[in-house]
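To keep things clear, I will list the structure first and then write my remarks on it.
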Amino acid sequence: MDTEEIFDRLKPLYPHEYFSTERDPFYILISTVLSQRTRDEVTEVASRRLFEHYSTPVQMVGADVKSIESLIRDVGFYRVKAGRIKEISQILIDEYYSQVPACMDELLKLPGVGRKTANCVLSYAFLEKAIAVDTHVHRISNRLGLVDTVTPEQTEIELQKQVPVSYWREVNELFVQFGKTVCKPLSPDCEVCVIEDLCAKKEKKK
DNA sequence: AAAACGGGGGC
DNA sequence: GCCCCAGTTTT
């Protein structure tokens, strides 16, 4: 299958770039942690509110956990995340001179950071060629027939084989936007889909 | 492999 | 009231 065709057709529909207004790796790391299992409108507001008060690892460590909790009260798992933000900040100070490491192995050592979050940081903060596989990317890659996988990590590996490197950084945002608006988890809107002719599941519908 | 963490929004 | 959401960690 011609995978470039997929991205060339989706790109004009979703020109907006995620995290377009923020480049600070620490902000991207923390806001990505906050985004886990939480809608992005909520995440956006909470991240900005948090960083208006504390914007560096040192400030996070110096802050009262209760204060951080109250600032991010509306995101999911906010107590757990508040604790992890302090843990992460302390590790960055102790191990990385208060900088966010630009390397998968080091990122994965941080509490609350899995492959999806680590790949988002590598891609959005450091512009590395990384594919961040969340539930949307996983679902859509399988629906299209791009991959045939069970776990997100398998999807990441298979996508790396199927997708030209120059598109790796775009896969996450394009598939997430596409997944939220058209290729939804249940009842995808195939009648308005611009890549239906490329989809392995189109015949199964109806 | 499945459960647990969890508040907010949509229907 | 019930279901889902830009996942990760623990059992």
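Throughout, a chain's letter reflects where its sequence line sits, starting with A, and its residues are numbered from 1. These numbers come from a predicted model, not from an experiment.
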Margin query: When the P atoms of C:dT10 and B:dG6 are compared, how many Å lie between them, rounded to an integer?
Written below: 13 Å
Margin query: What's the closest nucleotide to the side chain of A:Arg39 if the choices are B:dG7, C:dC4, C:dA6?
Written below: C:dC4
Check: Can you name the nearest heavy-atom pair linking A:Arg9 to A:Ile195, along with the distance?
Finding: NH1-CA, 3.8 Å
Check: Any idea which of C:dC5, B:dG7, C:dA6 is nearest the A:Tyr78 side chain?
Finding: B:dG7
Checklist line | Between C:dG7 (C1') and A:Leu34 (CG): distance, integer Å | finding: 13 Å
Margin query: Give me the distance, rounded to whole Å, that separates C:dA6 from B:dA1 when you measure between the C1' atoms they each carry.
Written below: 24 Å
Notebook entry, point to check: Where the side chain of A:Val176 is concerned, which of B:dG6, C:dA6, C:dT8 is the nearest nucleotide?
Noted result: C:dA6
Check: Using 4.0 Å as the upper bound for N to carboxylate O, is an ion pair formed by A:Arg49 and A:Glu52?
Finding: no
Margin query: Roughly how many Å apart are B:dC5 and C:dG1, using the P atom of each and rounding to a whole number?
Written below: 22 Å
Margin query: What is the separation between atom CD on A:Glu87 and atom P on C:dT9, rounded to the nearest whole Å?
Written below: 10 Å
Margin query: At less than 3.5 Å, do the side-chain atoms of A:Arg37 and the base atoms of C:dC4 form a donor-acceptor pair?
Written below: no
Next item on the list: Determine, for A:Asp40 against A:Lys180, whether the closest basic-nitrogen to carboxylate-oxygen distance falls under 4.0 angstrom.
Entry: yes
Notebook entry, point to check: Under 4.0 angstrom, heavy atoms only, what part of the nucleic acid is A:Val137 near: base, sugar-phosphate, or nothing?
Noted result: nothing
Checklist line | d(CD, A:Glu41; P, B:dG7) in whole Å | finding: 19 Å
Next item on the list: Calculate the interatomic distance between A:Ile72 atom CD1 and B:dG7 atom C1'; express it in whole Å.
Entry: 11 Å
Check: Looking at A:Thr38, does any N or O in its side chain come under 4.0 Å of the phosphate oxygens OP1/OP2 on C:dG7?
Finding: no
Next item on the list: Report the residue (A:Val150 or A:Val42) whose heavy-atom-nearest nucleotide on DNA chain B is the more 5′ of the two.
Entry: A:Val150
Note to self: Can you measure A:Glu156 atom CD to C:dT8 atom C1' for me and round it to whole angstrom units?
What the structure shows: 15 Å
Note to self: Looking at C:dA6, I'd like to know if its phosphate oxygens (OP1 or OP2) sit under 4.0 Å from a side-chain N or O belonging to A:Thr32.
What the structure shows: no
Check: Which part of the nucleic acid, if any, lies within contact of A:Pro152, taking any heavy atom under 4.0 Å across all strands shown: a base, the sugar-phosphate backbone alone, or nothing?
Finding: nothing
Notebook entry, point to check: Between A:Phe7 and A:Phe175, is the gap from one ring center to the other below 6.0 Å?
Noted result: yes
Next item on the list: Send over the distance from A:Glu153 CD to C:dT8 P, rounded to a whole Å.
Entry: 11 Å
Check: Any idea which heavy atoms bring A:Gly112 and A:Gln36 closest together, and the distance?
Finding: O-NE2, 2.9 Å
Margin query: What I'd like to find out is whether the side chain of A:Ser31 reaches to under 4.5 Å of the side chain of A:Phe51, using heavy atoms alone.
Written below: no
Check: What's the CZ-C1' distance between A:Phe77 and B:dG6, to the nearest Å?
Finding: 5 Å
Notebook entry, point to check: If you check every side-chain atom of A:Asp74, which of C:dT8, B:dG6, B:dG8 has the closest atom?
Noted result: B:dG8
Checklist line | Whole angstrom value for the distance that separates P of B:dG6 from CZ of A:Arg79 | finding: 6 Å
Margin query: Which is more 5' along DNA chain C, the nucleotide nearest A:Leu186 or the one nearest A:Gly112? Just name the residue.
Written below: A:Leu186
Check: Reckon A:Arg84 has a side-chain N or O less than 4.0 Å from the OP1 or OP2 of C:dT9?
Finding: no
